[in-house]
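Please read all numbers here as calculations on a predicted model, not as lab measurements.
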Amino acid sequence: MKSAPQIEKPLLWEAFHDLGTMRVNGMAMGQIPYDKIVWYADSVLEFEPDETEAFVWIMRRVDTHYVNKMAERMERNSKAS
């Protein structure tokens, strides 16, 4: 079995911050588009295919968590006002 590629945490947080500027927003905060994550991994970070796959997996999970937390915060703030 092939081991997972190692991606440094500071790089992940910088990438998440950069990619956050590419998210689609409407009535609520949207997810970072899949194609933008892949583009970032391939073009900016110049990852190999296995690294891109791991990067996309991580970014999608972190982004889902972030969007859910932000939705919870918005809900609490709307009830408080």
Side-chain angles (χ1 to χ4, degrees):
M1 185 171 158
K2 190 175 176 181
S3 64
Q6 298 297 310
I7 303 172
E8 295 181 26
K9 288 181 186 177
L11 176 74
L12 292 174
W13 289 118
E14 181 179 340
F16 183 70
H17 177 74
D18 289 346
L19 285 164
T21 66
M22 299 176 193
R23 70 177 69 251
V24 178
N25 293 312
M27 296 293 288
M29 179 182 288
Q31 297 282 138
I32 299 168
Y34 175 84
D35 64 320
K36 300 297 185 189
I37 300 171
V38 172
W39 170 83
Y40 194 90
D42 291 344
S43 300
V44 176
L45 301 175
E46 299 179 343
F47 278 168
E48 296 296 323
D50 60 331
E51 294 170 314
T52 295
E53 182 180 351
F55 180 76
V56 169
W57 188 89
I58 293 166
M59 286 294 116
R60 298 284 288 186
R61 272 135 196 92
V62 169
D63 191 43
T64 297
H65 179 76
Y66 179 77
V67 169
N68 289 340
K69 289 296 180 185
M70 294 304 293
E72 290 172 11
R73 180 182 289 177
M74 294 294 290
E75 181 68 25
R76 278 194 316 269
N77 290 344
S78 70
K79 288 180 181 179
S81 36

With a 4.5 Å heavy-atom cut-off, do [X] and [Y] have their side chains touching?
X: Val38; Y: Phe55; result: no
X: Arg60; Y: Ile32; result: no
X: Tyr40; Y: Met59; result: no

From CZ (Phe16) to OG1 (Thr21), nearest 0.5 Å
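Between atom CZ of Phe16 and atom OG1 of Thr21 there are 11.0 Å.
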Rounded at 0.5 Å granularity, tell me how far CD1 in Ile58 sits from CD1 in Ile37.
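Reported value, rounded in 0.5 Å steps: 11.0 Å.
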Pairwise salt bridge (Lys or Arg N to Asp or Glu O under 4.0 Å) hits with a residue in residues 39-48, at least two apart:
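Non-adjacent pairs meeting salt bridge (Lys or Arg N to Asp or Glu O under 4.0 Å): zero.
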According to salt bridge (Lys or Arg N to Asp or Glu O under 4.0 Å), does anything in residues 11-30 pair up with another residue at least two apart or in another chain? List the pairs.
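Listed by first then second residue: Arg23-Asp63.
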Where Gly30 and Asn25 come nearest, the two heavy atoms and their spacing
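Here Gly30 and Asn25 meet closest at N-OD1, 3.3 Å.
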Counting only heavy atoms not in [X], do more than 12 fall under 6.0 Å of its [atom1]?
X: Met70; atom1: CE; value: yes
X: Glu72; atom1: CD; value: yes
X: Glu53; atom1: CD; value: no

Tyr66, Met74: one ILVMFWY side-chain cluster at the under-4.5 Å cut-off?
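Shared cluster, no.
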Go through the structure and list residues passing side-chain contact (heavy atoms from CB on, under 4.5 Å) with Trp57, not counting sequence neighbours.
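For Trp57 the side-chain contact (heavy atoms from CB on, under 4.5 Å) partners, ignoring immediate neighbours, are Arg61.
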